[in-house]
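Encoded as structure tokens, the structure appears first; notes follow it.
Given the structure is predicted, the values throughout are model-derived calculations rather than measurements. Below, chain A is the first sequence line, B the second, and so on; all start at residue 1.
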There are 2 protein chains.
Amino acid sequence: MNCELCTATGGVVLWEDAQCRVVLADEAGYCGFCRVIWNTHVREMTDLDAADQTHCMKVVFTVERVLRKTLSPVKINLASLGNMVAHIHWHVIPRFADDPHFPLPVWGSVQRKAPERQIGTEAAMLARGIAAELKA
Amino acid sequence: MNCELCTATGGVVLWEDAQCRVVLADEAGYCGFCRVIWNTHVREMTDLDAADQTHCMKVVFTVERVLRKTLSPVKINLASLGNMVAHIHWHVIPRFADDPHFPLPVWGSVQRKAPERQIGTEAAMLARGIAAELKA
């Protein structure tokens with residue numbers, strides 16, 4: 001199977017367990033854009049059993065919580081689309097008033113130049129925050 | 001507060017309980033586009049407690065399951081954005097190869113004219129299917 005999420009991590013791995021991984025995406029203008037990627041090739045959330053659905057969403061909401069604490073975005077956007085890569089991956093996107101598309105979705109038309117902001121030591125803070133919350 | 005999801009249903013109500021409602025959205029070219037709207041004005045999923053998060057996602061996944069059974073879409077798209085209306089609402093979108101934006105997100109650039117397809121008796125089938133699954 002030629003699936004890019006089966007053959008590569010999809011970004012810098014911040015956290016992982018047997019079921020899924022959290023990666024920091026490399027999206028220009030989007031500091032802290034994370035993805036929660038299911039490890040096996042599953043197409044839809046309703047192809048997972050209830051326990052796995054719950055686990056997946058627990059990780060998604062943990063990433064949301066840690067992003068809010070660490071970066072104080074104006075809004076969090078959550079999305080599982082998969083029209084091109086039909087392997088469950090959740091976009092967990094901290095949105096800011098000066099990001100390239102706000103208030104449109106990140107898939108909308110560009111509203112302005114990307115801010116200069118870059119992710120630095122926050123990446124390590126996110127990794128530590130996610131690990132701490134999921135251990136608790 | 002001037003929130004359109006506090007003052008109106010947001011579409012034809014297919015199902016509701018004390019916490020949330022499922023509505024059929026009126027989006028041109030998108031037959032079966034549903035939204036799960038939390039009834040009270042809550043901004044982010046992590047502002048809900050764990051029981052409410054679980055309930056909300058159970059409803060979202062039920063709508064996904066019923067849409068798959070009823071309409072056989074090529075993919076389901078799930079998203080909670082709220083940049084303009086910061087009141088929890090999940091888009092549950094059945095995608096088809098001939099829909100206006102496929103394979104792009106529905107917020108991307110238009111790829112083609114909307115198909116002639118219209119939702120007819122499927123609306124009642126969706127309502128019955130969701131009620132049956134959530135009663136079980």
Is it true that B:Asp47 and A:Arg65 make a salt bridge, defined as a side-chain N closer than 4.0 Å to a carboxylate O? no
Please tell me whether [X] and [Y] are part of a single hydrophobic cluster in this structure, the criterion being side-chain heavy atoms less than 4.5 Å apart.
| X | Y | result |
| --- | --- | --- |
| B:Val110 | A:Met84 | no |
| B:Ile76 | B:Tyr30 | no |
| B:Phe33 | B:Val12 | no |
| A:Met125 | A:Ile130 | no |
| B:Phe102 | B:Leu67 | no |

Side chain, backbone, both or neither: which part of A:Ile93 has an atom under 4.5 Å from a heavy atom of chain B? neither
So which part of A:Phe61 gets closer than 4.5 Å to some heavy atom of chain B, the side chain, the backbone, both or neither? both
Taking the side chain as everything from C-beta on, heavy atoms only, tell me whether [X] gets closer than 4.5 Å to [Y].
| X | Y | value |
| --- | --- | --- |
| B:Leu78 | A:Trp90 | yes |
| B:Asn77 | A:Asn83 | yes |
| A:Lys75 | B:Glu44 | yes |

Just do the side-chain contact (heavy atoms from CB on, under 4.5 Å) check on A:Arg95 and B:Leu81 with the steps written out, would you? CA-CA 10 Å; A:Arg95 301 298 308 274; B:Leu81 308 177; over 6 Å; no
Taking [atom1] in [X] as the centre, count heavy atoms belonging to other residues, nucleotides or ligands within less than 6.0 Å. Is the count above 12?
| X | atom1 | answer |
| --- | --- | --- |
| B:Gln19 | CD | yes |
| B:Asp17 | CG | yes |
| A:Asp98 | CG | yes |

Find the one option among A:Ser80, A:Gly82, A:Ser109, A:Ala79 whose heavy-atom pairs under 4.5 Å with chain B are most numerous. A:Ser80
Contact leader toward chain B among A:Ala50, A:Gly108, A:Pro105, where contacts are heavy-atom pairs under 4.5 Å: A:Pro105
Is B:Met45 close to chain A through its backbone or its side chain, or both, or neither, when contacts mean heavy atoms under 4.5 Å? both
As an exercise, state the distance from NZ of A:Lys58 to CE of B:Met57, rounded to the nearest 0.5 Å. 15.5 Å
Here the pair of heavy atoms bringing A:Arg43 nearest to B:Val74 is NH2-O, 2.7 Å
